[in-house]
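First up is the structure itself, then whatever we jot down about it.
A note on names: the letters A, B, ... follow the listed sequences, proteins ahead of strands, and every chain is numbered from 1.
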Protein chains: 2
Amino acid sequence: MSQTVDRALSILPLLAEGPADLGQVADRLGVHKSTALRLLRTLHEHGLVYRQQDQRYRLGARLFALAQEAVENLDVREIAHPHLVALNEQIGHTVHLAVYEESEVLYIDKVESRYPVRMYSRIGKPVAITVAAVAKLLLADLPEAERRALAEKLDFPMYTSRSIPNAAAFLKELATVREQGWATDLGGHEESINCIGAPIRGADGRVVAAMSVSAPNVVVTAEELLALLPLVRRTADVITREYSGQAPRQEGRA
Amino acid sequence: MSQTVDRALSILPLLAEGPADLGQVADRLGVHKSTALRLLRTLHEHGLVYRQQDQRYRLGARLFALAQEAVENLDVREIAHPHLVALNEQIGHTVHLAVYEESEVLYIDKVESRYPVRMYSRIGKPVAITVAAVAKLLLADLPEAERRALAEKLDFPMYTSRSIPNAAAFLKELATVREQGWATDLGGHEESINCIGAPIRGADGRVVAAMSVSAPNVVVTAEELLALLPLVRRTADVITREYSGQAPRQEGRA
DNA sequence: AATGAGCGTTGCATATGATGCAACACCACG
DNA sequence: CGTGGTGTTGCATCATATGCAACGCTCATT
């Protein structure tokens, strides 16, 4: 809609691939160097882009700060967090919280199992949308049309032999998930990892987030993990109740 | 430099404070609603902004993805990470990695303590720049003029009675840190938390990052923590060697 | 039901502001 | 001491962002 802004923003994903110099940016944008320079300068002033010693540009620090603040303002996350921690303390495995947005599913919180300390950095990473339990839960609740459209658009990479192979199978799986109110991923993403998940709903009954528990089958078998399902669903329900409870997001700040 | 882009980008920090509707955005930008609409639409197309059901805008998912990719492209981080993990396994406390950029110091990696008492910090979060050990290390290496200018510009909040109170004391502390090649923060940010840190240098000898170990004094006393200093410094040196790696050219810094 | 207030949205005329050009400055390299 | 590759600046042109006013919609009020 706004050409100038559009061009400027196009620089960001470009730099996400790695640092680039002025000429490269100008070329990839298809604009004059001087134009690219002005855009980069503006991005720079806002801290979204940083210029390293060799004069090349890369993504800047404010990006983190923004993503940071954004995630902290998500009220589902805030409400859910203590419950996720409690669940984690009880059963020990990794617990995830995810939301759906603009054809992507992404983790917005994670509590690590007591295993080798993993990176915080997976938060924000797009989820394997065709196989993850949380993805199934979130997509299963989309309106029919949107669900169908999305399924058509997706790729179905065969991470493992048990990955969901195509749109038809995917839609069928979503129907099941929708029906039963919980979801699994049994080795569909990584051969040895199983997940079980349950939905968190808003006051209107729509699914606003999904949580899951993941564990490698060297630790617990799929059956043992499934035995935890009632506990997981109960946790999700508690969060749902608190989230849809009153109306704590009635007003922002002023 | 580019007014349109400038305005568009100004929307991001504004939304970081919390969701806002079109009118609010237009007001705070001082532009017509229709203008704000176009800017928001452009931001939306790039996924930086998301429109929730109530039509209000908030920061979008791509922001995470970008921050994600950005941090993954930092080579210091990549090289340092395994060493940080190893150090954490050896001593158990929380380990941080931070860089300086544009008058801010921010964490780019963190390995959690194995102890139940954890420190609140987040990757991407700006560090308390006047007191943190990593901040001292990074700032101590700035050119004289820049260091002085920055010190003048800073606020010196008294987080605790041991916080550094003013620019003069700060510059003095930086001189010490510069001299000795390591830094501490003994209860300067939170009364009960101590940190020790060491610098990581590039091939030219300039400090490119800083690492620290933090522990609450209910777990280890400051003296016990300081006893770990040689270990921390050694780790930092190993990272430095690997990072400034290939060309074993002796640096020209004295 | 009817009315109106408050919000987001659209098309359009205007001139602001973004653009590409060409010339310049700088550095590294031969 | 040139020469080719950078990044940078000032400027004339016109593309493009802007504000306006009118419209459509939803919701609350009567």
Side-chain angles (χ1 to χ4, degrees), chain A residues 1-12 14-15 17-60 102 143 202-204 206 247 249-254, chain B residues 1-12 14-15 17-60 101-102 143 202-204 206 246-247 249 252:
Chain A
M1 296 269 119
S2 170
Q3 186 183 75
T4 314
V5 177
D6 186 57
R7 283 173 174 166
L9 297 182
S10 302
I11 293 176
L12 298 178
L14 193 156
L15 290 185
E17 296 170 19
D21 64 29
L22 180 60
Q24 295 171 322
V25 172
D27 282 353
R28 302 242 343 226
L29 281 188
V31 299
H32 194 96
K33 285 188 307 174
S34 59
T35 303
L37 180 66
R38 273 185 298 257
L39 297 176
L40 281 164
R41 278 225 259 258
T42 310
L43 289 168
H44 180 90
E45 272 174 21
H46 286 259
L48 299 184
V49 140
Y50 176 69
R51 192 154 205 194
Q52 28 188 35
Q53 288 82 345
D54 62 358
Q55 301 236 96
R56 293 191 305 165
Y57 294 90
R58 61 170 176 73
L59 294 180
E102 311 272 323
D204 56 359
R206 299 258 341 238
R249 66 181 166 91
Q250 190 57 29
E251 58 184 25
R253 52 245 76 195
Chain B
M1 299 270 120
S2 169
Q3 186 183 77
T4 314
V5 177
D6 186 57
R7 283 174 174 167
L9 297 182
S10 302
I11 293 176
L12 298 178
L14 193 155
L15 290 184
E17 297 171 19
D21 64 29
L22 180 60
Q24 295 171 323
V25 172
D27 282 353
R28 301 242 343 225
L29 281 189
V31 300
H32 194 96
K33 285 187 306 175
S34 59
T35 303
L37 180 66
R38 273 184 300 257
L39 298 177
L40 281 164
R41 277 225 259 258
T42 310
L43 290 168
H44 179 91
E45 272 174 23
H46 286 259
L48 299 185
V49 139
Y50 176 69
R51 192 154 206 193
Q52 27 188 37
Q53 288 82 344
D54 62 358
Q55 301 234 99
R56 294 191 304 165
Y57 295 91
R58 61 170 176 72
L59 296 179
E101 184 178 320
E102 312 272 324
D204 55 0
R206 298 263 338 241
Q246 61 209 28
R249 165 177 59 147

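Atom CG in A:Leu29 sits about 16 Å away from atom P in C:dA18, given to the nearest Å. C:dC7 atom P lies 15 Å from atom CG of B:Leu40, rounded to whole Å. For the pair A:Leu39 CG and D:dT16 P, the interatomic distance rounds to 13 Å; values are reported in whole Å. Separating the CG atom of B:Asp54 from the P atom of C:dC7 is a distance of 13 Å, rounded to the nearest angstrom. Between the CG atom of B:Leu43 and the P atom of D:dA17 there is a distance of 13 Å, rounded to whole Å. Taking atom CD of residue B:Gln24 and atom P of nucleotide C:dG6, one finds them 15 Å apart after rounding to whole Å. Atom P of nucleotide D:dA17 and atom CG of B:Leu9 are separated by 14 Å, given to the nearest angstrom. Atom CG in A:Asp27 sits about 13 Å away from atom P in D:dG5, given to the nearest Å.
In this structure, B:Arg51 reaches the C:dT9 phosphate: one of its side-chain N or O atoms is under 4.0 Å from OP1 or OP2. Listed pair B:Arg41 / C:dT10 meets the phosphate criterion, a side-chain N or O lying under 4.0 Å from OP1 or OP2. Within the 4.0 Å cut-off from OP1 or OP2 of D:dT18, at least one side-chain nitrogen or oxygen of B:Arg7 is found. Within the 4.0 Å cut-off from OP1 or OP2 of D:dG7, not a single side-chain nitrogen or oxygen of A:Gln55 is found. At least one side-chain nitrogen or oxygen of A:His32 sits closer than 4.0 Å to the OP1 or OP2 atom of C:dC21.
With C:dA18, C:dT9, D:dT9 as the candidates, the nucleotide lying closest to the side chain of B:Leu22 is C:dT9. When distances are taken from the side chain of A:Thr35 to each of C:dT9, C:dT19, D:dG19, the shortest belongs to C:dT19. The side chain of A:Lys33 has D:dT8 as its nearest neighbour among D:dT16, D:dA21, D:dT8.
Between B:Arg38 and A:Gly23, the residue anchored nearer the 5' end of DNA chain D, judged by the nucleotide with its closest heavy atom, is A:Gly23. Of the two residues contacting DNA chain C, namely B:Asp21 and A:Gly30, the nearest-nucleotide position lying further toward the 5' end is that of B:Asp21.
Side-chain contact check for B:Leu43 versus B:Leu15: every heavy-atom pair is 4.5 Å or farther apart. Looking at heavy atoms from C-beta onward, A:Ser2 lies out of side-chain contact with B:Arg41 at the 4.5 angstrom threshold.
The shortest non-hydrogen separation linking B:Lys33 to B:Ala26 is CA-CB, 3.8 Å.
Taking the charged nitrogens against the carboxylate oxygens, B:Glu101 and A:Arg51 have no contact shorter than 4.0 Å, which rules out a salt bridge.
Looking at heavy-atom distances under 4.0 Å, A:Ser34 makes contact with a base. A:Val31 comes within contact range of the sugar-phosphate backbone alone, with a heavy-atom separation under 4.0 Å but no base atom that close.
For the residue pair A:Arg58 and A:Tyr50, no side-chain donor N or O sits within less than 3.5 Å of a side-chain acceptor on the partner.
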